[in-house]
Participant: 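Please read through the structure below; I'll follow up with questions.
Below, chain A is the first sequence line, B the second, and so on; all start at residue 1. The model shown is predicted, which means the values in this text are computed figures rather than measured ones.
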Protein chains: 2
Amino acid sequence: MVTIREISKKANVSIATVSKVLNGKPGVSKFTADHVLSIARELNYRPNLNARSLKKGQSQTLGIITEDLTVFNTPDIIDGIDVYCESQGYHYILSNLRLNKRYGNHPDDIDIKECTKLINSLTDTLLSKQVNGIIYIGCHSHAVVPTKYSNEIPFVYAYCYSTNPKIPSVMYDDQKAAFEVTQLLINKGHTHIGVIAGLRESIHTTNRILGYQEALYTNNIPYNPRLTLYGNWERDEGYYLSEELIKAGVTAIFAHNDLMAIGVIDYCNKHGIQVGKDLSLFGFDNREISAYCHPTLSTVSLPLFEIGQHATRLMLDILAGHNIEGGLKIMLPCSIIERESTGLPVSKEKNKSEESHETRS
Amino acid sequence: MVTIREISKKANVSIATVSKVLNGKPGVSKFTADHVLSIARELNYRPNLNARSLKKGQSQTLGIITEDLTVFNTPDIIDGIDVYCESQGYHYILSNLRLNKRYGNHPDDIDIKECTKLINSLTDTLLSKQVNGIIYIGCHSHAVVPTKYSNEIPFVYAYCYSTNPKIPSVMYDDQKAAFEVTQLLINKGHTHIGVIAGLRESIHTTNRILGYQEALYTNNIPYNPRLTLYGNWERDEGYYLSEELIKAGVTAIFAHNDLMAIGVIDYCNKHGIQVGKDLSLFGFDNREISAYCHPTLSTVSLPLFEIGQHATRLMLDILAGHNIEGGLKIMLPCSIIERESTGLPVSKEKNKSEESHETRS
DNA sequence: AGAAAAAAGTTAAACGTTTAACTTTTTTAA
DNA sequence: TTAAAAAAGTTAAACGTTTAACTTTTTTCT
């Protein structure tokens, strides 16, 4: 390892001078600076960031705790964090809870006590590594486990509704998205719109139903609670619940995620109901599958990358002591993607390849 | 920040004693140790890992460079690394190239020069952070950009064929998987098996064709080059190429990824050909979509998690100076997943939900 | 030319650890 | 009862930086 000491020897200056040059600090002549720089380059010098952060008491590093890295939302959020960090000269360290692997994906299966312990231990490690702040990326609908460290180090929650009003969070706007989906269906002439909701206890479910009701209300359509059925986010549930809705006479279904919407498509295909013609269908999440099923599925695209970026901006603002613009709870809008399942003319779907994600094997 | 100095003051011992206690080193009485430990706990002491690694010249940290975090294979590989690192008391730092975001997913679009620069800069940063080794996670079929740092720090390549024989790599066995797929189709009585291959220049394509040919040869079936068509890994290509193969009289198609296989399904559905009955179909990759399409798609599941684990084991073995068991190039087997598209009785598919990934929105 | 001011450069301590070398205390054994 | 051995504990230097305080050199101004 080449150190500034070696550079200073070779350049015949003190290590302080080398340090100044390397950090672009004043108090050294251009001649000397060039000389030092050229030697540093020649020796292939690389600063020891650990030593620097030790001395400065500032690591320029954020910690990221992910509830589960392999869940579809997480990588894009990290991508957003990555880009923003890079632009600001920040680094980050990842820590992964592997919640789904440990407990499966039903909120009731989670052992909160064990989970809290786990989070605390990850947080401890991050603090040991001198991170300046921690971004917590959720993946579940269950309420986030509260942290006891929130006054030791700044926290920002991403992709989850934080229960602690003092902890900032960045989330997408479930209610607004649901409102827009419903409004769109109403604009197409639907008045009997069924909902295949998520788990009853999920805050996503609650907010999406609120948005749905709001749109009905705005358009003077009475809310019929029998047209809102609760599912478990799985495909099969979409399959079975669609039968009930269709028998109740709905002309459109808003499923709270793409997987349940696929179930609806399966049911319809089996029973000769043409989705996109006899029935309009919306999903939620814009999973890859929604672009490949038949008919292709209209859905809601989540601003994952933006959530990552905003969470990071928020964190860096907090660390810099800025007063936080836009408040502590940021809600980002989703975008609505119309495809064949809501009767989009097929021609418009020609260039759907632009929406496909990674395709290489 | 609580330091060992504060503990030593409060406990009335030297900092050396505190250090010994905290590290479980000998030369301190049980009485003193307990005393120190209780004070450390009381003060909520957390070691400064940066300071420790500075002194020890050993960070217990690996660097990970991902070509693209948002590509389907990457998160599971990281999961494997995470688990293995955790079990060995190692940490890791992630660095993301965002190759797809920068260049799209066609190998020819990559600016190798710029890309090399990028990798070098990420590697530089990792070295500055004193990582002990770097695991490189590929995602593309193009050859991996060689690194100039391979004699400064140990590298292990994961999910890519390294061209440098001195750099260890962990990969899944394309050829063996293709052999097994083909053998399975032959066992079902097929002799005219078409291939919708990946890009001609991809090493995956080459190896999968080799496995296919090997199986034909083993079973005394002549190889007909006209039944192997090259695609571009995209769905549409699967759609168009299937026409040619079906006209040539194949009774089974082996597509080199699930996306192109979906294209085949689409073609067949449109032309009244029953996949799983009139035609047997295999994909590759076990993307989520393969479990949700109609009919469900037989495919090859990649040992992603295991690749991560093995890469990490390999790296830690190298760092520990062990002689590497299993050699420097590790090939892990894939597993074959049979579903409806190869004529599996529908009953067997009842509990397919166990295969679904994350389903929560 | 010479004093004052500005610029260039150096010294040394510090960040929080670990650890080799040392000293003091306790235990063992004849 | 002692001397030797073992155990317990301390001192001080080091890891690679940064930076406040200082000294030396150069420039500016009269």
Side-chain angles (χ1 to χ4, degrees), chain A residues 1-37 39-40 43-61 89 91 124-132 152, chain B residues 1-37 39-40 43-61 89 91 124-132 152:
Chain A
M1 267 255 29
V2 183
T3 69
I4 56 170
R5 186 155 281 112
E6 291 175 52
I7 298 176
S8 83
K9 276 215 188 89
K10 197 148 188 190
N12 255 314
V13 293
S14 70
I15 59 165
T17 302
V18 176
S19 176
K20 280 182 201 165
V21 171
L22 261 22
N23 291 286
K25 295 248 164 110
V28 32
S29 68
K30 187 165 182 332
F31 179 83
T32 313
D34 286 349
H35 184 213
V36 167
L37 242 28
I39 287 180
L43 295 181
N44 200 7
Y45 169 77
R46 255 188 307 268
N48 182 325
L49 258 29
N50 286 347
R52 175 180 293 170
S53 101
L54 173 60
K55 186 66 189 63
K56 296 234 249 185
Q58 227 285 76
S59 63
Q60 296 267 101
T61 299
H91 307 281
D124 254 334
T125 306
L126 288 176
L127 286 169
S128 270
K129 294 186 173 189
Q130 313 301 111
V131 300
N132 300 136
E152 278 203 65
Chain B
M1 269 256 27
V2 183
T3 68
I4 56 171
R5 187 155 281 112
E6 291 174 52
I7 298 176
S8 81
K9 277 218 186 86
K10 197 146 187 191
N12 256 314
V13 294
S14 71
I15 59 165
T17 302
V18 176
S19 177
K20 279 183 202 165
V21 171
L22 261 22
N23 290 287
K25 295 248 164 108
V28 30
S29 68
K30 185 164 184 335
F31 178 83
T32 314
D34 287 349
H35 184 213
V36 167
L37 240 30
I39 287 180
L43 294 180
N44 199 7
Y45 169 77
R46 256 188 305 268
N48 182 326
L49 257 30
N50 286 347
R52 176 180 293 171
S53 102
L54 173 60
K55 187 64 191 61
K56 296 233 247 183
Q58 227 285 74
S59 62
Q60 296 266 101
T61 299
H91 308 281
D124 254 335
T125 306
L126 289 176
L127 286 170
S128 270
K129 293 185 172 188
Q130 313 301 112
V131 300
N132 300 135
E152 280 203 63

Participant: Using a heavy-atom cut-off of under 4.0 Å over every strand shown, decide if A/Gly57 touches base, sugar-phosphate, or nothing.
Facilitator: nothing

Participant: State which of C/dG16, C/dC15, D/dT10 makes the closest approach to the side chain of B/Ser14.
Facilitator: D/dT10

Participant: Would you indicate what A/Thr3 reaches in the nucleic acid, counting non-hydrogen atoms under 4.0 angstrom: base, sugar-phosphate, or nothing?
Facilitator: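 If one applies the 4.0 Å heavy-atom cut-off, A/Thr3 turns out to touch the sugar-phosphate alone, with no base involved.
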
Participant: Distance only, no hydrogens: is a donor on one side chain within 3.5 Å (strictly under) of an acceptor on the other, for B/Asn132 and B/Gln60?
Facilitator: no

Participant: Could you work out which one of D/dT17, C/dG16, C/dT17 sits closest to the side chain of B/Tyr45?
Facilitator: C/dT17

Participant: Between A/Ile7 and A/Leu43, is there a side-chain heavy-atom distance shorter than 4.5 Å?
Facilitator: yes

Participant: Does A/Pro47 or B/Val28 map to a spot on DNA chain D nearer the 5' end, using the closest nucleotide for each?
Facilitator: B/Val28

Participant: Using the side-chain heavy atoms of A/Ala16, tell me which of these nucleotides is nearest: D/dT17, C/dT10, C/dG16.
Facilitator: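 In terms of side-chain proximity for A/Ala16, the closest of D/dT17, C/dT10, C/dG16 is C/dT10.
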
Participant: Is any side-chain N or O of A/Ser19 closer than 4.0 Å to OP1 or OP2 of D/dT17?
Facilitator: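 So the side chain of A/Ser19 is outside the cut-off, no N or O lying under 4.0 Å from OP1 or OP2 of D/dT17.
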
Participant: In whole Å, I'd like the distance from the NZ atom of A/Lys56 to the C1' atom of C/dA14.
Facilitator: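 Going from A/Lys56 (NZ) to C/dA14 (C1'), I get 15 Å.
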
Participant: Whole Å only: how far is the NZ atom of A/Lys30 from the C1' atom of D/dT26?
Facilitator: 19 Å

Participant: Take atom CG of B/Asn48 and atom C1' of D/dG16, then tell me their distance rounded to the nearest Å.
Facilitator: 14 Å

Participant: Closer than 4.0 Å, any side-chain N/O of B/Thr17 to the OP1 or OP2 of D/dT10?
Facilitator: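 Yes.
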
Participant: Are any of the side-chain heavy atoms of A/Leu49 and A/Pro47 separated by less than 4.5 Å?
Facilitator: yes

Participant: Taking only the side-chain nitrogens and oxygens of B/Lys25, find out if one of them lies under 4.0 Å from OP1 or OP2 of C/dT19.
Facilitator: yes

Participant: Which nucleotide in the set C/dA14, C/dT17, D/dG9 lies at the smallest distance from any side-chain heavy atom of A/Lys55?
Facilitator: C/dA14

Participant: Just name whichever nucleotide pairs with C/dT27, Watson-Crick or G-U, keeping both distances under 3.5 Å, else none.
Facilitator: D/dA4

Participant: Do side-chain atoms of B/Glu6 reach the backbone of B/Ser8 as a donor and acceptor pair under 3.5 angstrom?
Facilitator: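 No, because the side chain of B/Glu6 does not come within donor-acceptor range (under 3.5 Å) of the backbone of B/Ser8.
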
Participant: Counting only Watson-Crick pairs (N1-N3 plus N6-O4 or O6-N4) and G-U wobbles (N1-O2, O6-N3), all under 3.5 Å, who is the partner of C/dA21?
Facilitator: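 D/dT10 is the nucleotide pairing with C/dA21.
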
Participant: Write down the distance between CG (B/Asn23) and P (C/dG16), rounded to a whole number of angstrom.
Facilitator: 17 Å

Participant: Classify the nucleic acid contact of A/Pro26 as base, sugar-phosphate or nothing, counting any heavy atom under 4.0 Å across all strands shown.
Facilitator: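 Answer is nothing: A/Pro26 stays at 4.0 Å or more from every strand.
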
Participant: Can you name the nearest heavy-atom pair linking B/Lys129 to A/Asn50, along with the distance?
Facilitator: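 Shortest heavy-atom separation between B/Lys129 and A/Asn50 comes out as O-ND2, 3.9 Å.
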
Participant: Should B/Arg52 be listed as having a side-chain N or O under 4.0 Å from OP1 or OP2 of C/dT18?
Facilitator: yes

Participant: Is any side-chain heavy atom of B/Thr32 closer than 4.5 Å to one of B/Val36?
Facilitator: yes

Participant: Establish, with yes or no, whether the OP1 or OP2 oxygen of C/dA8 is under 4.0 angstrom from a side-chain nitrogen or oxygen of A/Thr32.
Facilitator: no

Participant: Round to a whole Å and report the spacing from CD of A/Gln58 to P of C/dG16.
Facilitator: 14 Å

Participant: Let me know the distance between CE of B/Met1 and P of C/dC15, rounded to the nearest Å.
Facilitator: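 Result: 12 Å.
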
Participant: So do B/Leu22 and B/Leu37 actually touch side chain to side chain, heavy atoms under 4.5 Å?
Facilitator: yes

Participant: Does the D/dT10 base have a donor-acceptor partner in the side chain of B/Lys20 within less than 3.5 Å?
Facilitator: yes

Participant: What is the distance, rounded to the nearest whole Å, between atom CG of B/Asn12 and atom C1' of C/dT24?
Facilitator: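 From B/Asn12 CG to C/dT24 C1': 16 Å.
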
Participant: Is the phosphate of D/dG9 approached by B/Ser29 (side-chain N or O, under 4.0 Å from OP1 or OP2)?
Facilitator: yes

Participant: Please classify the nucleic acid contact of A/Asn50 as base, sugar-phosphate, or nothing, using heavy-atom distances under 4.0 Å.
Facilitator: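 The residue A/Asn50 makes no contact with any strand.
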
Participant: Measuring to OP1 and OP2 of C/dT17, would you say a side-chain N or O of B/Ser53 lies under 4.0 angstrom away?
Facilitator: no

Participant: Quick one: A/Ile7 CD1 to D/dT18 P, roughly how many Å, whole number?
Facilitator: 11 Å

